[in-house]
Structure formats: C-alpha cells, structure tokens
Amino acid sequence: MRILDDIKLDYQDVLLRPKRSTLQSRKDVILERSFVFYHSPKIWTGIPIMSANMATCGTFEIAKIFSHYKMITAFHKYYTIKDYQKFFKTFNNPDYVCYTLGIRDKDINQLKLMKKNGLLKKFSFICLDVPNGYLQSFLEVIKNARKMCPTHIIIAGNVVTNEITEEIILAGADIVKIGIGPGSVCTTRKMTGVGYPQLSAVIECADSAHGIANTRGVGRIIADGGQQYPSDVAKAFCGGADFNMCGSLFSGFEQNAGETVIKEGKKFKEYFGSSSNKAMQDFYGQKDAHRASEGRYTLIPHKGDIHEFIQDLMGSLRSTATYIGARQLKEFPKRATFLKVNRQLTTYLEKYDEEK
Ligand code: 5GP
C-alpha cells in the first residue's frame, strides 16, 4: 500500500486570477480552434465542446442544434443502423458528430456493419467508450479500430492518469477521454472508492498527451464530466483540455430526450447515468447480474431552450478570456493562473443555485 499525498484538485478548488488584457470587447475573442492529430490526417475546426454520449443529450435532435454552433454531439450507444440510415438522409455534417461504441463483440460487429453500409463516413469522430480504460484488452481494441478506420479521429477512454494516456495514444487513439467518477450522475466513487479529482486529472493527462508528438500533430484530451457551471468548462480549457464533454450541462432542456415530469407544479426533465438501473432497464431490458449500477437517475429542473444556454456558455467563455487576457481559446492554458481556494466556494455556489 502507498499513499500519494500531494493534493489533487477539482474544479471547485480553484479560481482564475484576473490579468491585464488588451481586448476591446468580448466579441473579439475567438472560440474556434483548428486541431491536427497524432494519427488521423483530418484537420478539425470548430468550438471544441461536446454533448456527452448519454441517452438524454447524445441525440439526433441535439446534433442538429450543436452542428449549427460547430459543436460536437457524441451519440449514445442505443441507436441502431436503421436509425442512422434514416438520420443521415437529411444530415450531412461529419465534423460535428461522433459515433460511440463499447468494446464487446457486438459493438465491433456493429462498427463493421456501419462501415459496410457507408455510414462511418458520415462521422469524423469515433469514440471507444468504456468506464474503465485500464483493461489491457482495451488497447487491443484501439489498435484494431485504428486499422479498420485509418482516417477517423478516434477518441478512447475513460482514464485519469498520465502513463495510460500515453499508451492509449500510441495504441491508435487521437484523443483520450479523461474522467473517472466526476460525472454528476456517476456513483463510481461512492460504489468503488476509485477516482481522481478532475481538474488535476485534466492537467496531468493533457501534459502527457501534448508531449506525444509527430510531424503531423500531438495527442489530445477531452475533459469528460463534472462541469457543473460554464466556469468549469473554462477551467478545464485553462487546465489544458483540448475538448470539453458535458452531460448535465446539456440536459434538462426542451430539446433533450427523456420525460418531462411535473412535481408540485414545477417542471423537471429526466437525466440518468448510462450505467444506471434506469438505462440498463430501458435499453437492455434488464440489469446485468454481475454489475452494480454506477450511475443514478435524477430530475433536473426544466431549463427551457438550449439555444439560450449555448449563447450563455459562449458568453461566459468570452468573458473568462477577457478576464485572463486571452484573445482566443487556444491561449487559455498559457494565460491561466489558478488560485487554490477553500471549499467555501462550493457552498457559495450551491447557495446561489438554491436561491435561483
Ligand atoms: P456530467 O456532465 O453529467 O457531470 O458527466 C457526464 C459524464 O459522466 C459522461 O460523459 C460520462 O463520462 C459519465 N457518465 C455517464 N453516465 C454514467 C454512469 O452511469 N456511471 C458513471 N460512472 N459515469 C457516467
């Protein structure tokens, strides 16, 4: 047994120190980025924010909206080939959609079928998504996926430490998805005791990924989960995340899937973890006997129209940029100085939520 005693940080443990800025207006801040990758020859341009591959927000409806803002939607795993065939009759914007799959035989068979049916070329991104990216077999699946899809931007995760981030990139992924346990409906930390404070995981894994370089590009990471406020998205970018993936921030809106529930006269929308009992029951008809649920079901107070929130999120990022003196999103990590704060900030934000 060993204890590592340097303190690891979550988003709520830090604030950003304001800095001198020469920007005239928030409008001048450039949020778009262009990325080149370690394996894929594609050059991607857009706002590097993704809707999580979850039943409520990884949907066709959200993709139609997000692609308009040059943001990405990672589809949930429950769509069938028929669903995709129908959707892609009217949607053709590969740069802003991501096909998600697990690593079971049935997932790989579906990937092969997607390729055979010409559907994979409708996506720039493919995400190999497992709760525990430390399984040795995961690296083999990544290697095979790279052989099968040499030009796609391959995302793989989830992990939280630097050595495995490097291994995953070297095995064939362009982007590593970072986060074990930070998700708002994730119960992994409670059920298993495993996890890593998310801001530190992002900072450490970004550092490793960016250190893996070739003549084409560098390794990239996604900060996945745990962003409770727009400020957390900004903090993840400041910590070196190339992309942010969010579930709860992009759920609870009119345009999300899931029931609208009325309780004591107030409107709510459903939001639930992909390994919650609810998801297993709804999509597989039963819960795996050997698996404990590591996700929960919750009702989010109805948040109205998602367009308004996206505008707010962009506005917040532009505002962060002006406070820290960054002219573009790309400069966030260079301009950022984090201040460690005590946990009173969390209490303050929770109180703010209650008052709202
Ligand atoms: P949020 O943005 O809601 O904080 O977190 C979204 C992320 O939580 C997802 O992208 C995914 O990585 C993770 N997640 C989603 N469902 C589950 C689940 O049932 N269990 C666990 N452990 N994580 C989940």
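We're numbering straight along the sequence, starting at 1. Ligands are counted one by one from 1 in listed order, and the atoms in each one are counted from 1 as well.
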Residues two or more places apart in sequence or in another chain: which of them pass side-chain contact (heavy atoms from CB on, under 4.5 Å) with Ile81?
-> Gln85, Gln110, Leu113, Met114, Asn117, Leu119
Those protein residues which place at least one heavy atom below 4.0 Å from ligand 1 = Ala52, Met54, Asn158, Gly183, Ser184, Cys186, Thr188, Asp224, Gly225, Gly226, Met245, Cys246, Gly247, Ser248, Tyr271, Gly273, Ser274, Ser275, Ser276, Glu294, Gly295
Check the angle between the aromatic planes of Phe37 and Phe243 and answer parallel, tilted or perpendicular using the 30° and 60° thresholds.
-> parallel
Quick one: side-chain contact (heavy atoms from CB on, under 4.5 Å) partners of Val29, sequence neighbours excluded?
-> Leu23, Leu31, Arg318, Ala321, Thr322
In terms of the angle between their ring planes, are His68 and His307 parallel, tilted or perpendicular, with boundaries placed at 30° and 60°?
-> perpendicular
No-hydrogen, no-angle side-chain donor-acceptor test under 3.5 Å, Lys269 and Ser251 | no
Can you name the side-chain contact (heavy atoms from CB on, under 4.5 Å) partners of Asp107, sequence neighbours left out?
-> Leu101, Arg104
